[in-house]
**Q** 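Dumping the structure here so I can ask a few things about it.
Because only heavy atoms are used, hydrogens play no part in the values below, and waters and symmetry mates are left out as well, while side chains stay in.
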Amino acid sequence: DEHVTQGRIWRIVREDGAKPNHASPGLKGASAEKLVAALESPNGWTRDAAQRILVQRGGDKAVPFLSALAKDSQSHLARIHALWTLEGLGAGNAETFAAALKDAHPKTRMSALRVAEPLLARPDSKPELTQAAAALVDDEDPGVRLQAAFTLGEAKVHPAARSALAKVLAGRGSDRRMKDAVLSGLGGFEATFLGGLLEEAVWRMESGTLADALRSLASVIFSGGDANQAGALLAMAAAQDETLSWRRLALLDGALQARMTKPLRFKTKPAAMTVLEKSEDGETKKRLAKLLKRLTWDGDLRELAVAPGA
């Protein structure tokens with residue numbers, strides 16, 4: 001409440017009395033080369049303005065200069081601006097982005113992951129780009145590792161990306177952020193991803209982290225309400241022999257934890273359910289009895305329940 005009679009508008013000035021330089025950088029009519037050079041300015045407004053003008057102008061005149069800047073600039077901020085300007089122009093290429101994924105600065109690597117996503121999502125994506133992105137799940141910087149987990153979800157059509165995501169779940173699945181990053185990007189590929197997991201040797205060694213990852217993945221699959229994916233999951237659960245019963249139980253537990261507003265409907269009773277019903281394992285029988293109340297099929301007249309854990 002001090003100075004209440006003197007108004008509330010204050011001017012902030014430098015202690016040494018020096019006045020800021022408000023001279024216009026003269027970007028409006030600048031050439032593409034000059035605008036790209038302005039991306040190295042120490043002034044953030046200048047960098048932002050140069051990037052905006054380049055993207056608004058469009059065209060490909062600036063692309064060679066931007067590609068060179070993304071690779072050779074001594075400023076990581078300039079390299080980041082170059083990457084995002086290329087992305088804004090729709091002129092990104094696998095060679096430039098793959099090199100940026102190996103940049104010395106973590107913020108540049110994170111930006112490279114994000115701008116590379118449209119290229120990574122393409123079925124014909126360059127293998128070197130996918131491999132460079134996949135390698136970052138082991139990056140020394142936690143922010144880069146997390147972004148890699150998100151970005152590789154865009155590249156899920158590629159086995160190398162799915163293998164890297166499986167590695168994340170196996171090695172860092174106890175980190176909820178990392179696990180959620182992996183699961184959130186699998187849309188439509190959950191069952192395919194799960195099948196790949198179960199084929200890898202590390203997923204045969206029982207651990208709390210692996211079991212939790214299987215439960216979470218199974219829950220996502222059942223929550224999606226897709227009978228084909230759910231049927232594939234049940235088939236995988238049924239295929240687990242007694243030496244891998246922990247995997248079967250984790251998958252069934254995940255199916256029971258799924259949030260469902262109505263029973264999951266199949267055209268016919270899943271064959272995997274018949275196989276599971278023949279199991280002599282008591283824990284499997286308990287879970288199966290609950291799971292049956294959450295499934296239905298044409299001609300099924302049973303009374304059903306869909307509450308989680310029912």
**Q** Are any of the side-chain heavy atoms of S207 and L210 separated by less than 4.5 Å?
**A** yes

**Q** With the 4.5 Å side-chain cut-off for hydrophobic clustering, are L27 and L89 part of the same group?
**A** yes

**Q** Is there a path from L214 to M205 through hydrophobic residues (I, L, V, M, F, W, Y) whose side chains come within less than 4.5 Å of each other?
**A**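 Same hydrophobic cluster.
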
**Q** Among the clusters formed by ILVMFWY side chains lying less than 4.5 Å apart, do I53 and V63 turn up in the same one?
**A**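 They do share one cluster, since a chain of ILVMFWY contacts under 4.5 Å joins I53 to V63.
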
**Q** Which residue, L83, L101, L77, forms the side chain to side chain contact (heavy atoms under 4.5 Å, CB included) with T108?
**A**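 Filter result, single survivor: L83.
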
**Q** May I have the step-by-step check of side-chain hydrogen bond (donor to acceptor under 3.5 Å, both in side chains) for S279 and K285, ending in yes or no?
**A** CA-CA 7 Å; S279 173; K285 288 181 178 294; over 6 Å; no

**Q** Determine, stepwise, if the pair L136 / R145 fulfils side-chain contact (heavy atoms from CB on, under 4.5 Å).
**A** CA-CA 6 Å; L136 293 183; R145 293 196 298 267; over 6 Å; no

**Q** Would D300 and R265 satisfy salt bridge (charged side-chain N to carboxylate O under 4.0 Å, His left out), going step by step from the backbone distance to the final call?
**A** CA-CA 10 Å; D300 181 24; R265 176 171 288 277; over 6 Å; no

**Q** When rounded to the nearest 0.5 angstrom, what is the spacing between CE in M273 and CG in L234?
**A**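 Rounded to the nearest 0.5 Å, the CE-CG separation comes to 6.0 Å.
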
**Q** Identify whether the distance between the nearest side-chain nitrogen and carboxylate oxygen of K167 and D138 falls below 4.0 Å.
**A**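 D138 and K167: salt-bridged.
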
**Q** Heavy-atom count around E277 CD within 6.0 Å, excluding the residue itself: above 12?
**A**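 Counting neighbours around CD of E277, more than 12 heavy atoms of other residues, nucleotides or ligands fall under 6.0 Å, so yes.
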
**Q** Hey, mind stepping through D253 and R287 against salt bridge (charged side-chain N to carboxylate O under 4.0 Å, His left out) and telling me if it holds?
**A** CA-CA 7 Å; D253 282 338; R287 289 161 174 77; 2.7 Å; yes

**Q** Quick check: are there more than 12 heavy atoms from other residues, nucleotides or ligands sitting under 6.0 Å from CD of E128?
**A** yes

**Q** Looking at every non-hydrogen atom in both residues, tell me the closest pair between A98 and L129 and how far apart they are.
**A**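 Closest pair (atom of A98, atom of L129, distance): N-CD1, 3.7 Å.
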
**Q** When rounded to the nearest 0.5 angstrom, what distance separates CG in L113 from CZ in F150?
**A** 12.0 Å

**Q** Write down the atom of R247, the atom of Q240, and the distance for their closest heavy-atom approach.
**A**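 Between these two residues, the closest heavy atoms are NH2-OE1, 2.7 Å.
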
**Q** Could you state whether V275 and L194 fall into the same hydrophobic cluster, counting links through intermediate Ile, Leu, Val, Met, Phe, Trp or Tyr residues with side-chain heavy atoms under 4.5 angstrom apart?
**A**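 Result: no, two separate clusters.
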
**Q** Compare all side-chain heavy atoms of L291 with those of F222 and state whether any distance is below 4.5 angstrom.
**A** yes

**Q** Would you say F266 ends up clustered with L276 if hydrophobic residues are merged whenever their side chains have heavy atoms under 4.5 Å apart, either directly or through other cluster members?
**A** yes

**Q** So, taking the atom named CZ in R79 and the one named CZ in R109, what distance separates them when rounded to the nearest 0.5 Å?
**A**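 Nearest 0.5 Å value for the CZ-CZ distance: 10.0 Å.
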
**Q** Do R248 and L252 touch side chain to side chain, with heavy atoms closer than 4.5 Å?
**A** yes

**Q** Do the non-hydrogen side-chain atoms of Q51 and W84 ever get within less than 4.5 Å of each other?
**A** yes

**Q** So do the side chains of N93 and S67 get within less than 4.5 Å of each other, counting heavy atoms only?
**A**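 Yes; the side chains approach each other to less than 4.5 Å.
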
**Q** Once rounded to the nearest 0.5 Å, what's the spacing between atom OG of S111 and atom CZ of F97?
**A**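 Those atoms lie 10.5 Å apart.
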
**Q** Do you know which of D212, L186, L251, L233 makes side chain to side chain contact (heavy atoms under 4.5 Å, CB included) with L217?
**A**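 The passing option is L186.
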
**Q** Should we say atom CD of E242 is surrounded by more than 12 heavy atoms from elsewhere, each under 6.0 Å from it?
**A**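 Counting neighbours around CD of E242, more than 12 heavy atoms of other residues, nucleotides or ligands fall under 6.0 Å, so yes.
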
**Q** Can you establish whether the number of heavy atoms outside R204 located under 6.0 Å from its atom CZ is more than 12?
**A**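 No, not enclosed.
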
